[in-house]
Amino acid sequence: MKRDVAALLVEALDALHVSTRQPFEIEVPREESFGDLSTPVAMGLAKVLKKPPKKIAEDIASRLKNSGILEKIEIAGPGFINFTFTKSYLYSSLEQLLRAEKSYLRENIGEGKRVLVEFVSANPTGPLHIGHARGAAVGNALCNLLEESGFRVDREYYLNDAGRQVKLLGLSVYARYQQMLGSDVTFPEDGYRGQYIDDEAAALLAETGERYKGARFDACGLDITSWTYKRMLVLIGRDLRRFGVKEFDSWVSEKEIFAKGAVTSAIDALKQKGFIYEHDHAVWFRSTAFKDDKDRVVIKRDGEYTYFASDIAYHKNKLDRGYDIIIDVWGADHHGYISRIESVMQAFGYDITKFKVILVQMVNLLKHGEPFQMSKRAGTFVTLSDMINLVGADTTKFIFLTRKADSHLDFDLDVVTATSAENPVFYVQYANARISSILANAPGQGIEAGHGTDLSQLTAPAELSLIKKLLTYPMVLENAARSFEPHRITFYLQELAGMFHTYYHNHRVIGDDPVLSRARLSLCRGVKIVLSDALGILGVSAPEKM
RNA sequence: GCGCCUGUAGCUCAGACGGAUAGAGCAACUGCCUUCUAAGCAGUGGGUCAGGGGUUCGAAUCCCUUCAGGCGCGCCA
């Protein structure tokens with residue numbers, strides 16, 4: 001739809017010998033009376049050409065070739081050019097959609113570019129919780145969206161398995177295990193205290209018996225830690241699968257990055273570029289050479305690497321793999337890291353515009369309208385697994401995706417569970433299920449959509465509006481992909497579902513007139529194709545029955 | 001103190017690179033099931049786009065400033 005208008009515009013602008021930036025600003029106007037598509041291009045050119053926008057719009061409009069797809073071209077308001085399509089264009093477009101399905105809906109804006117998306121990357125020291133879930137939902141949908149927009153996407157999970165957190169995990173399980181066997185080993189001050197630690201200790205006991213009874217942590221710590229760590233990975237993987245997140249292509253281990261000597265060599269590389277210096281017996285990265293407001297320590301006075309040092313190595317590793325775009329999805333509490341990682345990227349000579357951090361804001365979990373403070377250390381948190389049991393994976397994902405990633409989000413357990421029947425996700429899924437039901441019913445009524453369907457039977461305003469709505473879907477995907485904002489799809493889905501519910505209520509699909517019925521069935525099928533496609537990109541299921 | 005995010009209807013949030021009369025859902029109120037799924041439909045009310053200033057043909061959108069909330073500012077991870 002947009003493509004066709006854009007082609008005409010390019011021709012007209014060429015004829016006028018003016019160039020403007022691509023892609024064109026072509027939008028769906030707010031009011032239906034303004035036409036089907038609209039462009040403010042003339043207004044943008046007003047400054048450059050030093051002519052009134054309306055005059056420019058007229059010049060452009062007069063040079064637009066009408067190839068039969070446009071019913072009307074109007075200049076309106078301060079200088080918009082509004083386009084209205086002919087019915088025959090709408091019918092033939094719908095026909096193509098029905099025939100080609102998914103491939104008709106795709107714009108190849110990625111052109112095969114390789115994208116790395118790192119997301120979730122929760123510390124492997126316990127089950128995922130609701131905060132991680134938002135990152136998982138956004139990251140997963142973003143990857144799907146980019147993939148469907150012609151990018152080659154790798155999904156990656158970074159494991160912070162080298163630091164003391166994992167050791168602390170092992171120590172916590174060790175302590176509980178010994179306590180279960182009657183030893184008075186004291187629980188580590190800053191150990192993990194969740195119920196799952198007790199469960200792990202019990203499982204360890206069941207599996208190994210009293211093998212480690214009375215042993216010092218020095219002696220059995222490595223065994224227990226790696227045993228627990230592996231189980232945490234299994235747990236996290238299981239939670240992600242249950243949540244409906246597509247498999248990660250790679251799990252990168254911080255420990256392995258160290259083991260390969262990548263940290264040392266990354267810092268050496270920066271040194272050669274002159275961004276590393278020594279001061280106060282520590283080694284620093286000169287991030288102030290870029291946008292950071294202070295330099296950062298990479299090797300501490302005691303000779304240990306900082307956490308930042310391995311981040312440098314990891315991001316160099318990302319660069320070395322030759323991606324066109326690198327995306328990090330982080331919790332918003334890490335926003336202070338953006339400038340220093342950007343500095344690293346720049347220091348390595350990477351074009352900073354190709355590095356994008358998507359901040360996912362905190363989820364403010366409420367219970368009975370009261371904030372519910374979560375702490376993994378203290379063991380008071382709502383796990384993702386609990387959320388899935390309580391609220392459902394689809395609902396949880398959909399709610400996360402009805403907000404911009406960087407907006408704060410209240411997630412009230414009472415509201416979400418109590419009103420689940422009125423949840424927006426059901427509204428959308430219900431439309432899909434309704435259509436499935438109609439399509440299933442049709443053969444019994446002797447009606448079958450298929451070849452030779454006369455789509456020109458669809459003359460009701462609601463039908464034409466629905467067709468147009470379907471045809472704008474590729475624009476929604478394109479905008480969502482270009483801005484890395486999957487939530488736009490969610491809003492489109494609610495609009496489309498709403499239009500369908502209204503249509504369903506006012507028009508009987510399977511009626512006395514078989515020709516009309518066939519046409520309406522085809523329209524329904526078109527709506528279903530788009531609904532299930534968009535739900536699929538969001539990672540939400542599209543049930544046939546509800 | 002500095003930095004980042006946020007502030008739009010009673011509540012939760014959309015609002016494309018600055019464009020046309022600022023939108024949706026929920027909640028409230030009123031109607032609609034003998035017909036393909038009522039997890040639905042139709043209607044009503046609801047706004048100083050936090051306040052102030054600026055930029056221009058035009059600002060919820062950009063700039064400055066004030067206020068409010070959240071988060072971050074370690075040779076922690």
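Just so you know, these numbers use all the heavy atoms, side chains as well, and skip hydrogens, waters and symmetry mates. First the proteins, then the strands, lettered A, B, ... as listed; each starts at 1.
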Within the 4.0 Å heavy-atom criterion, would you say [X] contacts the bases, only the backbone, or no part of the nucleic acid?
{"X": "A:H487", "result": "sugar-phosphate"}
{"X": "A:A431", "result": "nothing"}
{"X": "A:D410", "result": "sugar-phosphate"}
{"X": "A:H501", "result": "sugar-phosphate"}

Between A:H501 and A:Y427, is the ring centre distance below 6.0 Å? yes
Integer angstrom distance from the [atom1] of [N] to that of [M]:
{"N": "B:G43", "M": "B:A24", "atom1": "P", "result": "11 Å"}
{"N": "B:A16", "M": "B:C11", "atom1": "C1'", "result": "27 Å"}
{"N": "B:C71", "M": "B:C57", "atom1": "C1'", "result": "40 Å"}
{"N": "B:G15", "M": "B:U8", "atom1": "P", "result": "14 Å"}

Mind checking side chain to side chain contact (heavy atoms under 4.5 Å, CB included) for A:E189 and listing every partner two or more places apart, or none if nothing turns up? none
Anti versus syn assignment for B:C41, with syn defined as within 90° of 0: anti
State the syn/anti category of B:C33 according to its glycosidic angle, syn meaning within 90° of 0. syn
Residues in residues 285-300 of chain A with a heavy atom under 4.0 Å of RNA chain B, by number, are A:K294, A:V297, A:K300
Check the interface with nucleotides 30-36 of chain B: list each N/O to N/O pair with the protein under 3.5 Å, or write none.
{"unit_1": "B:U35", "atom_1": "O2'", "unit_2": "A:R508", "atom_2": "NH1", "d": "3.0"}
{"unit_1": "B:U35", "atom_1": "O2'", "unit_2": "A:R508", "atom_2": "NH2", "d": "3.2"}
{"unit_1": "B:C36", "atom_1": "O4'", "unit_2": "A:R508", "atom_2": "NH2", "d": "3.1"}
{"unit_1": "B:C36", "atom_1": "O3'", "unit_2": "A:N441", "atom_2": "ND2", "d": "3.2"}
{"unit_1": "B:C36", "atom_1": "O2'", "unit_2": "A:N441", "atom_2": "ND2", "d": "2.7"}
{"unit_1": "B:C36", "atom_1": "O2", "unit_2": "A:I510", "atom_2": "N", "d": "3.2"}
{"unit_1": "B:C36", "atom_1": "N3", "unit_2": "A:V509", "atom_2": "N", "d": "3.0"}
{"unit_1": "B:C36", "atom_1": "N4", "unit_2": "A:Y504", "atom_2": "O", "d": "3.0"}
{"unit_1": "B:C36", "atom_1": "N4", "unit_2": "A:H507", "atom_2": "O", "d": "2.8"}

Select one nucleotide: of [options], the one nearest the side-chain heavy atoms of [X].
{"X": "A:S38", "options": "B:U6, B:U37, B:A20", "value": "B:A20"}
{"X": "A:H408", "options": "B:C5, B:G15, B:C75", "value": "B:C5"}
{"X": "A:K404", "options": "B:C75, B:G15, B:C5", "value": "B:G15"}

Kindly say if A:T502 contacts the phosphate of B:A42, meaning a side-chain N or O under 4.0 Å from OP1 or OP2. yes
Taking only N and O in the side chain of A:T402, is any of them less than 4.0 Å away from OP1 or OP2 of B:G25? no
Both A:P40 and A:Q361 contact RNA chain B. Taking the nearest nucleotide for each, which residue is further toward the 5' end? A:Q361
Under 3.5 Å, is there a donor-acceptor pair linking the side chains of [X] and [Y]?
{"X": "A:N160", "Y": "A:E254", "value": "yes"}
{"X": "A:S532", "Y": "A:N432", "value": "no"}
{"X": "A:T84", "Y": "A:D36", "value": "no"}
{"X": "A:E32", "Y": "A:S465", "value": "yes"}

Grab the N/O contacts between the protein and nucleotides 22-24 of chain B below 3.5 Å, and write none if there aren't any.
none

In short, salt bridge (charged side-chain N to carboxylate O under 4.0 Å, His left out) pairs touching residues 328-337 of chain A with sequence neighbours left out are A:K318-A:D328
Considering only residues two or more places apart or on different chains, which pairs with a residue in residues 487-510 of chain A satisfy salt bridge (charged side-chain N to carboxylate O under 4.0 Å, His left out)? A:K469-A:E495, A:E485-A:R488
Confirm from the modelled atom types if A:H334 and B:G72 form a donor-acceptor pair under 3.5 Å, side chain to base only. no
Working for ring-ring contact (aromatic ring centres under 6.0 Å, His included), residues A:Y305 and A:F258: CA-CA 10 Å; A:Y305 287 105; A:F258 270 110; 5.8 Å; yes
